[in-house]
Amino acid sequence: MPDIKKILVANRGEIALRVMRSARELGIKTVAIFSEADRNALHVRYADEAVCVGPPASADSYLRIDKIIKTCKDLQVDAIHPGYGFLSENADFAREVEKEGIIFIGPSAESIEVMGDKLSAKSAVLKRDVPLVPGLDKAITDVAFAKKKADEIGYPILIKASAGGGGKGMRIVEDPADFESQMDRAVSEAKNAFGNGAVFIEKFVTSPRHIEIQVLGDQHGNVIHLFERECSIQRRHQKVIEEAPSSCLTPEIREKMGQAAIDVAKSCNYYGAGTVEFIVDEKLNFYFLEMNTRLQVEHPVSEQITGVDLVKEQIRIAEGKALSYKQEDLSIKGHSVEVRVYAEDPQNNFLPDIGRLKVYKRPQGTGIRVDDGFEQGMEIPIHYDPMIAKLITYADNREEAISRMIRAIDEYEIVGIQTTLSFCKYVLQHDAFTSGDFDTKFIEKHFQASDLDEKVTDIETEIASALAVKLWSERQKKRTAQEANGEKVSLWKKNRL
């Protein structure tokens with residue numbers, strides 16, 4: 001397979017920029033696609049070439065497979081990197097790209113299909129003896145049988161959509177009397193969200209930790225893992241803070257989880273970068289949850305502790321080259337923390353907050369990395385995910401990485417919208433987090449909006465600014481009138497009016 005000379009990044013914002021930077025270091029040209037809402041976006045300006053693929057709505061632009069492939073042909077693009085989100089886990093897209101003779105920088109369409117459905121994923125990993133949460137490994141067709149199985153497993157149980165993710169089509173059932181009604185709701189939500197109403201049941205693990213393993217596989221059958229990421233700080237099943245390594249794993253369990261992740265990847269002949277997600281109970285028993293067949297939002301923390309550029313490895317793998325590393329080449333060096341900076345208001349149930357970035361100044365200094373796609377004066381568009389940036393810190397140990405992150409949050413200046421920075425700082429300073437004694441229920445157990453400092457709204461800020469301008473103007477007029485009337489005005493007062 002020939003070397004890649006030009007890559008189209010089928011995405012936007014910070015992940016598009018992140019991919020383009022690694023490509024540029026490899027001497028590869030890049031092509032950006034953009035919607036009309038992103039015409040002046042940073043990824044558009046950074047790329048060697050850029051093409052508008054439609055209006056703001058994702059369905060009319062970033063999800064238009066036909067327009068993306070046409071752009072590749074028009075500009076003689078060798079390969080497509082999908083980033084994450086949008087079409088990154090769309091098997092039909094990967095298949096169409098390959099059919100057109102373009103390299104898809106990611107796994108095969110078959111791997112995406114197997115791991116994209118939780119039931120087929122369970123079936124695949126069963127053959128490798130990967131630990132699974134007790135439950136049904138097939139879609140519910142007989143409600144009476146499913147209720148009997150739930151009784152055997154023991155409540156609480158989790159009804160879960162076979163397709164998709166993000167907490168949609170998911171219901172916790174604590175009382176057998178609620179089983180059928182909760183199942184109807186899960187099926188309905190799954191149909192609406194994914195076009196697939198298949199659901200299954202499994203034991204609900206109370207107070208779990210969410211820990212995932214980064215894997216890399218090449219097209220020659222080699223698979224390695226790059227250790228774990230702790231992703232238990234979540235709201236509405238979406239991660240907010242991640243770190244690597246986890247503070248709770250022993251070396252023995254880390255090795256077992258790493259091998260289990262490799263087995264998951266091998267179960268579907270996986271190549272490229274991927275993430276195997278596990279839930280871990282209070283006794284550190286771990287169970288396979290799902291596999292994400294793409295680069296993850298939180299991949300920078302794995303890069304920080306291993307020194308591996310995951311995007312460069314993705315590109316090399318797509319070119320048919322063998323992995324640059326063997327498992328014995330890798331070790332954990334230091335500690336890394338990432339916070340996701342969302343345009344959301346933590347004091348208003350984390351609702352999205354759009355507007356213009358009146359002030360936007362990134363923190364700087366040793367061990368600080370900011371992956372973003374915005375600059376001062378830009379608008380946060382309503383059409384896409386509200387994440388503004390990923391703020392990452394790295395240090396020799398966990399305590400220093402956390403303290404560095406707190407300093408970075410304090411120095412991150414964002415005015416014009418509400419963000420999750422204050423919430424992230426609250427978490428980082430909480431005893432449960434610093435001690436490592438936390439789980440996915442952190443927000444439910446420890447956080448209330450009133451815990452944050454009282455905010456000053458944009459309206460209040462604008463009123464204060466307007467009053468200051470008015471006062472200055474009135475003083476200027478008074479001084480001018482005094483001088484016109486021949487009155488003496490002291491130099492001290494002149495300089496302060």
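As the structure is a prediction and not an experimental result, all values here were calculated from the model.
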(request) Output yes when R362 and D372 qualify as a salt bridge under the 4.0 Å nitrogen-oxygen rule, no when they do not. (result) yes

(message) Any side-chain to backbone donor/acceptor pair from N397 onto E400? Under 3.5 Å, distance only.
(response) yes

(request) Check whether any side-chain heavy atom of M115 lies under 4.5 Å from a side-chain heavy atom of E290, and answer yes or no. (result) no

(message) Can you give me the closest heavy-atom contact between A318 and I4, atom names plus distance?
(response) CB-CD1, 4.3 Å

(message) Any salt bridge linking E25 with R21? Criterion: basic side-chain nitrogen under 4.0 Å from a carboxylate oxygen.
(response) no

(message) Could you check whether K160 and S162, counting side-chain N and O atoms only, form a donor-acceptor pair closer than 3.5 Å?
(response) no

(message) For a 4.5 angstrom cut-off between non-hydrogen side-chain atoms, does I80 reach F93?
(response) yes

(request) Could you tell me which non-hydrogen atom of L119 sits nearest to which non-hydrogen atom of A139, and how far apart they are? (result) CD1-N, 3.2 Å

(message) If I take atom CD1 from residue I7 and atom CG from residue D78, how far apart are they, to the nearest 0.5 angstrom?
(response) 8.5 Å

(message) Side chains of Q296 and E277 only: does a donor on one sit below 3.5 Å from an acceptor on the other?
(response) yes

(message) Between R340 and E242, does any side-chain N to carboxylate O distance fall below 4.0 Å?
(response) yes

(message) Using a 6.0 Å cut-off, check whether atom NZ of K138 has over 12 heavy atoms from anything other than its own residue.
(response) no

(request) Over all heavy atoms of both residues, which pair between G197 and K191 is shortest? Give the atoms and the distance, please. (result) CA-CG, 3.5 Å

(message) So for atom NZ, which belongs to K6, do other residues, nucleotides or ligands contribute more than 12 heavy atoms lying within a distance under 6.0 Å?
(response) yes

(request) Take atom CD of E174 as the centre, draw a 6.0 Å sphere, and report whether it contains more than 12 heavy atoms from other residues, nucleotides or ligands. (result) no

(message) ring-ring contact (aromatic ring centres under 6.0 Å, His included) for Y62 and Y384? Distances and angles first, verdict last.
(response) CA-CA 10 Å; Y62 293 106; Y384 314 113; 5.7 Å; yes

(message) Assess whether a salt bridge exists between K149 and D151, defined as any Lys/Arg side-chain N lying under 4.0 Å from an Asp/Glu carboxylate O.
(response) no

(message) Does R128 qualify as a cation-pi partner of F288, given the criterion of NZ or CZ under 6.0 Å from the six-membered ring centre and within 45 degrees of its axis?
(response) no

(message) Let me confirm one number: the CG-OG distance from L452 to S422, rounded to the nearest 0.5 Å.
(response) 4.5 Å

(request) Taking the side chain as every heavy atom from C-beta outward, state whether T420 and R235 have any pair of such atoms under 4.5 Å apart. (result) no

(request) Indicate the atoms forming the closest heavy-atom contact of A408 with I368, along with that distance. (result) CB-CD1, 3.8 Å

(message) Does the Lys NZ or Arg CZ of R209 fall within the cation-pi geometry relative to Y287 - under 6.0 Å from the ring centre and within 45° of the axis?
(response) no

(request) Before accepting this row, confirm whether a basic side-chain N of the pair K147/E180 lies closer than 4.0 Å to the acidic partner's carboxylate O. (result) yes

(message) Between V337 and I241, is there a side-chain heavy-atom distance shorter than 4.5 Å?
(response) yes

(message) Would the distance check show the side chain of H220 and the main-chain N or O of G320 forming a donor-acceptor pair, the cut-off being under 3.5 Å?
(response) yes

(request) State whether R398 and E243 are salt-bridged, where the test is any N-O pair (Lys NZ or Arg NE/NH1/NH2 against Asp/Glu carboxylate O) under 4.0 Å. (result) yes

(request) Give a yes or no on whether the backbone of I317 and the side-chain of D218 come within a donor-acceptor separation of less than 3.5 Å. (result) no

(request) State, with a plain yes or no, whether a side-chain heavy atom of V297 is found less than 4.5 Å away from one of K390. (result) yes

(message) Looking at R316 and E313, is there a salt bridge between them, counting it only when a charged N and a carboxylate O are closer than 4.0 Å?
(response) yes

(request) Heavy atoms only: give me the nearest A163-N196 pair and the separation to one decimal. (result) CB-ND2, 3.9 Å

(message) I need the L391 CG to E411 CD distance, nearest 0.5 Å.
(response) 10.0 Å

(request) Indicate yes or no: does D92 engage K99 in a salt bridge with an N to O separation below 4.0 Å. (result) no

(message) If you define the side chain from C-beta out and look only at heavy atoms, does anything of I159 sit under 4.5 Å from M170?
(response) no

(message) Please check this pair: side chain of N192 against backbone of S188, looking for a donor-acceptor N/O pair closer than 3.5 Å.
(response) yes

(message) Checking F447 against F423 for the ring-ring contact (aromatic ring centres under 6.0 Å, His included) test, could you report, in this order, the C-alpha distance in whole Å, the side-chain angles of both residues, the deciding distance, and whether it holds?
(response) CA-CA 9 Å; F447 176 71; F423 166 74; 4.9 Å; yes

(message) Strictly below 4.0 Å, N to O, side chains only: are E212 and K239 in salt-bridge contact?
(response) yes

(request) Can you measure from NZ (K203) to CG (L136) and round to the nearest 0.5 angstrom? (result) 14.0 Å

(request) Using a strict 4.0 Å threshold on nitrogen-to-oxygen distance, state whether E328 and K326 make a salt bridge. (result) no

(message) For the residue pair Q234 / H210, report whether a side-chain donor-acceptor contact shorter than 3.5 Å exists.
(response) yes

(request) Provide the closest heavy-atom pair for R229 versus V301 in the form atom of the first, atom of the second, distance. (result) CD-CG2, 3.4 Å

(request) For R18 and S22, test the side chains for any donor-to-acceptor distance below 3.5 angstrom and give the result as yes or no. (result) yes

(request) Starting from the C-alpha separation in whole Å, work towards a yes-or-no answer on side-chain hydrogen bond (donor to acceptor under 3.5 Å, both in side chains) for Q214 and H299. (result) CA-CA 8 Å; Q214 175 71 58; H299 76 272; over 6 Å; no

(message) Under 3.5 Å, is there a donor on one side chain and an acceptor on the other for Y426 and D451?
(response) yes

(request) With the side chain counted from C-beta on, respond yes when R404 and Y394 share a heavy-atom pair under 4.5 Å apart, and no when they do not. (result) no

(message) Please report the interatomic distance CD(Q347) to CG(D345), rounded to the nearest 0.5 Å.
(response) 6.0 Å

(request) Could you tell me whether E303 and K312 make a salt bridge, using a distance below 4.0 angstrom between a side-chain N and a carboxylate O? (result) no

(request) Tell me, with the steps shown, if I380 and Y342 meet side-chain contact (heavy atoms from CB on, under 4.5 Å). (result) CA-CA 10 Å; I380 303 296; Y342 285 101; over 6 Å; no

(request) Would you give the length of the straight line joining atom CG of L428 to atom CD1 of I406, rounded to the nearest 0.5 angstrom? (result) 5.5 Å

(request) Look at the side chain of S120 and the backbone N and O of V114, then say whether any donor-acceptor pair between them is shorter than 3.5 Å. (result) yes

(message) Quick one, P156 and T206 - any side-chain contact, counting heavy atoms below 4.5 Å?
(response) yes

(message) Between D353 (side chain only) and Q418 (backbone N and O only), is there a donor and an acceptor less than 3.5 Å apart?
(response) yes

(request) With salt bridge (Lys or Arg N to Asp or Glu O under 4.0 Å) as the test, would you mind laying out the steps for D3 and K5 before giving the verdict? (result) CA-CA 6 Å; D3 288 347; K5 301 281 194 302; 5.4 Å; no

(request) Determine, for E189 against R185, whether the closest basic-nitrogen to carboxylate-oxygen distance falls under 4.0 angstrom. (result) no

(request) Before giving the answer on ring-ring contact (aromatic ring centres under 6.0 Å, His included), spell out for F442 and H430 the whole-Å C-alpha distance, their side-chain angles and the decisive distance to 0.1 Å. (result) CA-CA 10 Å; F442 179 93; H430 197 283; 5.3 Å; yes

(message) Keeping H43 on the side-chain end and I33 on the backbone end, is there a donor-acceptor pair under 3.5 Å?
(response) yes

(request) Using modelled atom types only, decide if a donor and an acceptor are shared between the side chain of S58 and the backbone of L63 within a distance under 3.5 Å. (result) no

(message) If we ignore hydrogens and angles and just use 3.5 Å, is the side chain of D439 paired with the main-chain N or O of P208 as donor and acceptor?
(response) no

(message) Using only atom types and a distance under 3.5 Å, with no angle test, would you say the side chain of S435 pairs donor to acceptor with the backbone of D431?
(response) yes

(message) Using a 6.0 Å cut-off, check whether atom CD of Q448 has over 12 heavy atoms from anything other than its own residue.
(response) no

(message) With no hydrogens and no angle check, just 3.5 Å: does a side-chain donor-acceptor pair link S246 and E230?
(response) yes

